[in-house]
Protein chains: 4
Amino acid sequence: MIVSFSVTPLGVGESVGEYVADAVRVVRESGLPNRTDAMFTSVEGGWDEVMDVVRRAVDVVAARAPRVSLVLKADVRAGVADGLTSKVETIERHLDAGS
Amino acid sequence: MIVSFSVTPLGVGESVGEYVADAVRVVRESGLPNRTDAMFTSVEGGWDEVMDVVRRAVDVVAARAPRVSLVLKADVRAGVADGLTSKVETIERHLDAGS
Amino acid sequence: MIVSFSVTPLGVGESVGEYVADAVRVVRESGLPNRTDAMFTSVEGGWDEVMDVVRRAVDVVAARAPRVSLVLKADVRAGVADGLTSKVETIERHLDAGS
Amino acid sequence: MIVSFSVTPLGVGESVGEYVADAVRVVRESGLPNRTDAMFTSVEGGWDEVMDVVRRAVDVVAARAPRVSLVLKADVRAGVADGLTSKVETIERHLDAGS
């Protein structure tokens, strides 16, 4: 499955980039396929391995902030390989075809 | 922590109430404090117990649908008891005070 | 349509209840059907009227906070009346039926 | 502000790429800065122009599907320019610094 998630610390001021960086580091060190953009980090794998990464990303932020907000969207679909790339390619193909 | 989540099956038509009911049943049978409204089911507890419930709620829907979309928002805050009730009470108190 | 949304101010500390109360007040004064629980406020109506409420709820929080995070989930479906109540009733009916 | 959103049609089967492509086309033709990955499309601008794009993206999908689910996360912060790029750069800078 693919999980896109965002971790936001509360009680540490309005600039949260260094906290988010801690969470992104956890994701990258996991070895799972991942992408980070301005709003979400996406990671792909099975439920246990992905949710373990999300949990550790939340924990590393919670270690430095009194409150953490987690927003997560998951696409659970059997038999999809390399969804992080293939889903975007499918959309681009439809756009190219003008469908 | 409190987790609010929504499970949506794809590929089973536009009426998804019976699938959502399966997910809600899993939550209610968990014994954890929970609430269901028109858009989300909220459940309160520790990470492991709450995420185990979410996983089983996703699994019960995925058993009958080829694809499942999960949307989740969590409020992770140490030392908050009975947040499902107390958070709403706090808001009502502020509203009553006209603050 | 039904919109469930959550407004979180950043840069004002970890206790955000009074800011959230400002947003809920905007929703209640709108006259649209609405519900507030521990994680989201739901409001029902047409796109323009609902999004106008969401915008004003964000604005009232942004007036007192340097940064605001908005999370929103909408269920857009023609021909559904009183969805805030009817969707929950549908789920309860399925649960009662043991389906 | 930056808005990341996802539009999912219900009642059209489990493969929704061509519907999502319609929504992405609306975003790209808007002229606003935007990015699409496997889970969300992000677009940056003022409230009115961004929400007009989101509405038209929902409408184009709703024209072909009986029900549409919209998930949206917004980062509302005054004085941030080119947030789609600068937020990622900030995170990378923190990661490089090992902070």
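Throughout, a chain's letter reflects where its sequence line sits, starting with A, and its residues are numbered from 1.
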Exercise for review: Kindly determine whether D:L72 and C:V71 satisfy side chain to side chain contact (heavy atoms under 4.5 Å, CB included), including the steps that lead there.
Suggested key: CA-CA 6 Å; D:L72 180 155; C:V71 177; over 6 Å; no

Practice item. Show the numbers, then the answer: is there a side chain to side chain contact (heavy atoms under 4.5 Å, CB included) between D:D48 and C:R55? Key: CA-CA 9 Å; D:D48 285 337; C:R55 184 197 182 138; 2.5 Å; yes

Point to revise | chain D contacts, top residue of C:G79, C:S6, C:A78, C:A74 (heavy-atom pairs, under 4.5 Å) | key: C:A74

**Study point:** Part of D:V58 within contact of chain C (heavy atom distance under 4.5 Å)
**Key:** side chain

Practice item. Any chance you could lay out the side chain to side chain contact (heavy atoms under 4.5 Å, CB included) test for D:R67 and C:D75, step after step, and finish with the verdict? Key: CA-CA 7 Å; D:R67 190 175 190 176; C:D75 183 9; 2.8 Å; yes

Exercise for review: Give, for atom NZ of D:K73 and atom CZ of C:F5, the distance between the pair rounded to the nearest 0.5 Å.
Suggested key: 15.5 Å

